[in-house]
Amino acid sequence: MQPLHHRLVSLLIDSLNNTQAAGDLPALDSPAAIALDRPKKPEWGNYSTPLALGLARSARLPPLEVASRLLKHLPPSELIAQATTSAPGFINLTLNPAWVAAQVEAILAAGPGFADFDLGGGAKAMVEFVSANPTGPLSVGRGRGGVIGDTVANLLAAAGYDVTREYYFNNAGKQMRDLAESLRLRYAQALGQEVEFPESYYQGEYLTDLGRRLASERGDSLAAAEWTAFKEIAESAMFDSIKGTLSRLRIYMDVFFNENSLYDDGSVWDVVRELRERGHAYDSEGAVWFKATAFGGTEDRVIVKSTGEPTYRLPDIAYHRNKLGRGFALVVDVLGADHKDAFPDVLRGVQALGLDPSGIQMLMNQFVTLKGEKMSTRAGRFTLLDELIDEVGADVVRFFMLMRSAESHLEFDLDLAKEQSEKNPVYYVQYAHTRIAGILRKAQAAGHTADGGDVSRLTHPGEQALIRKILELPDVIELALKDLAPHHLPYYAQELATIFHGFYRDCQVLPSENQPVDPATTKARLKLVSAAKIGLARALGLMGVSAPEMM
RNA sequence: GCCCCUGUAGCUCAAUGGACAGAGUGACGGUCUUCUAAACCGCAGGUUGCAGGUUCGAGUCCUGCCAGGGGCACCA
């Protein structure tokens with residue numbers, strides 16, 4: 001179902017063209033975008049636009065005059081019941097209640113695919129997220145990027161993209177060597193040896209546990225083993241842990257991309273060679289520099305150290321070229337605040353290779369605090385994502401991680417999250433869904449069906465408001481994608497739940513002893529609540545939150 | 001010192017440059033022999049960090065300050 005505002009904007013564009021063609025407005029440059037708001041006051045209709053306010057100056061006419069001329073040429077439409085102007089120059093559109101009511105059938109026909117629409121045209125899109133190196137279990141902070149990335153992937157799929165979820169990691173380098181040596185020492189300790197454990201090593205308890213397990217399972221057979229043996233054991237254990245945690249949050253990656261493969265296939269060094277050939281890399285002080293300043297950077301960057309080793313920037317550039325080379329029209333990098341400043345250099349690198357970086361977008365998320373405590377993996381003073389899931393469950397973790405805009409700091413309110421009551425917004429939304437499920441169960445038991453229900457009876461303000469709200473979901477999806485702002489989803493879900501609860505209060509569906517309901521009304525309302533159930537379930541599903549039948 | 005993000009009700013946060021800045025939570029007061037009260041209704045709460053500017057219109061854009069977070073490596 002196409003976002004509703006597409007259809008309304010298209011009417012306004014027609015109106016603008018018609019008005020100009022009729023000579024009622026001079027020829028003007030069409031505005032780049034036509035804003036459409038949902039006004040607060042009922043007398044301003046369901047949608048309004050400041051279009052005329054923007055045109056007034058170049059048309060040399062009062063805004064209100066522009067608005068009424070536009071209205072005169074607004075093409076007739078089944079969507080619109082009334083179009084008015086209001087000071088200082090707004091155009092207000094009221095949806096046609098008959099059209100609104102009829103959409104219930106369309107929602108029911110769409111079923112679980114309701115709110116899907118074609119924006120991507122089947123183009124390949126990738127969301128790269130989590131991307132933690134396998135040096136430890138996932139922290140709470142990683143959970144935010146994980147949930148955000150997975151939800152953006154869901155949104156892209158709903159909007160007609162062919163989506164790949166990708167996890168980028170590096171299992172070489174100093175980090176992994178430190179991890180291996182840390183494990184070796186923990187293993188030695190578990191065997192009863194007195195060893196000094198350097199502060200720079202990984203302090204986390206998970207390695208102590210793993211060391212003990214090794215000691216009990218393998219005895220001292222690893223005492224003389226190479227560090228690479230410990231690396232393999234640790235890496236495998238850490239990936240098991242990471243994948244396990246992600247699956248508890250219903251996150252499943254399509255691709256685990258190893259940075260090493262970019263060395264194995266030579267593409268890292270190809271980048272250096274090509275940058276040199278294009279004149280965008282040069283040697284200085286024994287290192288190879290990327291001329292980032294030629295692409296708007298504030299300073300040039302070392303890509304190969306004087307030791308001959310690449311810096312992190314080089315494989316990053318090679319990786320992003322690789323992404324584009326795999327045919328992804330859209331690439332979303334979900335990054336933590338600590339990596340966002342490196343992103344522009346990656347784009348410049350890709351551009352320097354002669355590629356178009358415009359399809360690569362960044363979704364930065366700020367850190368998560370839990371009870372005000374800062375988290376640091378290396379110091380081992382962090383709260384594990386697994387512990388948080390144990391505490392509040394996957395639904396609450398997902399919903400809370402999505403609730404704040406990504407660039408805003410997220411203070412995870414554990415007390416509220418643990419609250420299994422009306423205070424918790426997750427349950428508030430889920431409860432609306434179970435209320436509907438309850439009505440449908442009861443209807444079935446009592447022999448009420450929606451068969452032959454006439455949705456044109458759905459004219460009550462509570463009914464109309466509910467339908468209009470359900471119809472907003474495609475618009476919310478599009479907005480969330482345009483701004484890469486998945487937090488619009490939990491807000492929408494809460495609004496939809498609120499409006500449903502209001503409907504529930506005002507509009508009895510099934511007859512009861514003290515509340516008789518016309519059988520035809522029951523049938524029509526059964527259709528409506530089924531449509532509301534579809535909308536709620538879809539909104540929850542996009543967030544990866546379950547939609548329970550009973551609570 | 002420079003760059004990026006954030007600063008909005010007591011608290012946690014929304015608000016594509018549009019109309020009188022909204023929710024939740026907390027406080028207070030109501031509504032259950034219910035289509036499940038995990039709900040609903042009412043009431044209270046604001047100089048949108050500060051100072052300028054841009055325009056028909058600024059929480060939103062620009063400049064300068066202040067505060068918090070993140071970065072500014074031949075670390076990732």
Side-chain angles (χ1 to χ4, degrees), chain A residues 5 33-37 39-41 44 48-50 53-54 56-57 62-63 86-90 92 133 170 173-175 259 285-289 298-299 301-313 315-316 336-344 364-367 369 374 403-413 416 419-432 434-443 446 448 478-479 482-483 485 487-488 490-491 494-495 497-498 500-502 504-515 517 522 525 529 550-551:
Chain A
H5 76 262
I34 294 184
L36 206 55
D37 303 311
K40 299 169 191 88
K41 289 187 144 189
W44 292 335
S48 72
T49 177
L53 287 162
R57 174 180 288 265
S86 62
F90 289 97
N92 306 310
N133 285 340
N170 177 14
K174 186 176 180 323
Q175 276 191 349
E259 181 183 319
E285 303 164 46
V288 184
W289 296 68
T298 50
E299 51 195 322
R301 300 294 189 179
V302 172
I303 50 176
V304 183
K305 305 181 207 173
S306 53
T307 60
E309 289 173 290
T311 67
Y312 67 89
R313 291 186 184 87
D316 273 1
D338 52 340
H339 282 74
K340 74 177 154 132
D341 286 350
F343 183 78
M364 185 276 296
N365 65 275
Q366 280 289 355
F367 294 149
T369 51
K374 276 212 216 161
M403 257 195 320
R404 306 306 178 208
S405 78
E407 57 266 25
S408 168
H409 296 266
L410 173 66
E411 186 171 310
F412 200 102
D413 186 342
L416 177 62
E419 189 91 41
Q420 301 217 358
S421 76
E422 74 282 358
K423 292 175 202 154
N424 194 319
V426 186
Y427 298 128
Y428 179 81
V429 177
Q430 289 181 324
Y431 181 63
T434 64
R435 264 187 157 173
I436 296 171
I439 293 172
L440 295 176
R441 268 196 308 274
K442 194 153 180 166
H448 295 288
E478 190 183 40
L479 177 64
K482 180 170 81 69
D483 295 345
H487 73 273
H488 290 305
Y491 275 89
Q494 287 178 88
E495 288 166 13
T498 296
F500 171 75
H501 287 309
Y504 181 91
R505 179 192 66 232
D506 297 334
C507 302
Q508 184 84 12
V509 177
L510 301 174
S512 66
E513 271 184 33
N514 18 350
Q515 191 99 32
V517 182
T522 292
R525 286 183 175 166
V529 295
M550 266 187 278
M551 287 172 73

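Predicted, not measured: the structure shown is a model, and the values here were computed from it. In what follows, chains are A, B, ... by sequence order, proteins preceding strands, each numbered from 1.
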Within the 4.0 Å heavy-atom criterion, would you say [X] contacts the bases, only the backbone, or no part of the nucleic acid?
| X | value |
| --- | --- |
| Leu36(A) | base |
| Glu285(A) | base |
| Glu407(A) | sugar-phosphate |
| Ser512(A) | sugar-phosphate |
| Asn365(A) | nothing |
| Lys340(A) | base |
| Pro50(A) | base |
| Ala87(A) | base |
| Ser86(A) | base |
| Ser405(A) | sugar-phosphate |

[X] has an atom [atom1]; how far is it from atom [atom2] of [N], in whole Å?
| X | N | atom1 | atom2 | value |
| --- | --- | --- | --- | --- |
| Met403(A) | rC11(B) | CE | C1' | 13 Å |
| Asn424(A) | rU12(B) | CG | P | 18 Å |
| Phe412(A) | rU12(B) | CZ | P | 16 Å |
| His501(A) | rC35(B) | NE2 | C1' | 14 Å |
| His409(A) | rG70(B) | NE2 | C1' | 8 Å |
| Lys40(A) | rA14(B) | NZ | C1' | 12 Å |
| Phe343(A) | rC72(B) | CZ | P | 17 Å |
| Arg404(A) | rA23(B) | CZ | C1' | 10 Å |

With [atom1] as the reference atom in both, quote the distance from [N] to [M] in angstrom, rounded to an integer.
| N | M | atom1 | result |
| --- | --- | --- | --- |
| rU48(B) | rC61(B) | P | 16 Å |
| rG52(B) | rG59(B) | P | 15 Å |
| rA58(B) | rG53(B) | C1' | 11 Å |
| rC66(B) | rA27(B) | P | 39 Å |
| rG70(B) | rC43(B) | C1' | 42 Å |

Determine the minimum heavy-atom distance between Pro310(A) and Lys305(A), stating which atoms define it.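 Shortest heavy-atom contact: O-CE, 3.9 Å.
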Base of rC5(B) relative to its sugar, syn (within 90° of 0) or anti?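 This nucleotide is in anti.
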Angle between ring planes, His487(A) versus Tyr491(A), binned at 30° and 60°: parallel, tilted or perpendicular?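 The rings of His487(A) and Tyr491(A) stand perpendicular, inter-plane angle above 60°.
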Any donor-acceptor pair under 3.5 Å between the side chain of His339(A) and the base of rA76(B)?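 In this structure, the two groups form a donor-acceptor pair.
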Has the side chain of Thr307(A) got a donor or acceptor atom sitting under 3.5 Å from an opposite partner on the base of rC74(B)?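 No.
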Checking Arg435(A) against Phe500(A): charged group under 6.0 Å from the ring centre and within 45 degrees of the axis?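 Relative to the ring axis of Phe500(A), which defines the angle, Arg435(A) lies outside at least one limit.
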About how many Å separate CD of Glu309(A) and NZ of Lys174(A), when rounded to the nearest 0.5 Å?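 The distance works out to 11.5 Å.
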Compare the ring of [X] with the six-membered ring in the base of [N] and state whether they stack (centres under 5.5 Å, planes under 30°).
| X | N | answer |
| --- | --- | --- |
| Tyr312(A) | rC75(B) | no |
| Tyr428(A) | rA38(B) | no |
| Phe367(A) | rG70(B) | no |

Any non-hydrogen side-chain atom of Tyr428(A) less than 4.5 Å from a side-chain atom of Thr498(A)?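 Answer yes - side chains close enough.
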Taking C-beta and beyond as the side chain, do Tyr312(A) and Asn170(A) meet within less than 4.5 Å on heavy atoms?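 Counting from C-beta outward, Tyr312(A) and Asn170(A) never come under 4.5 Å.
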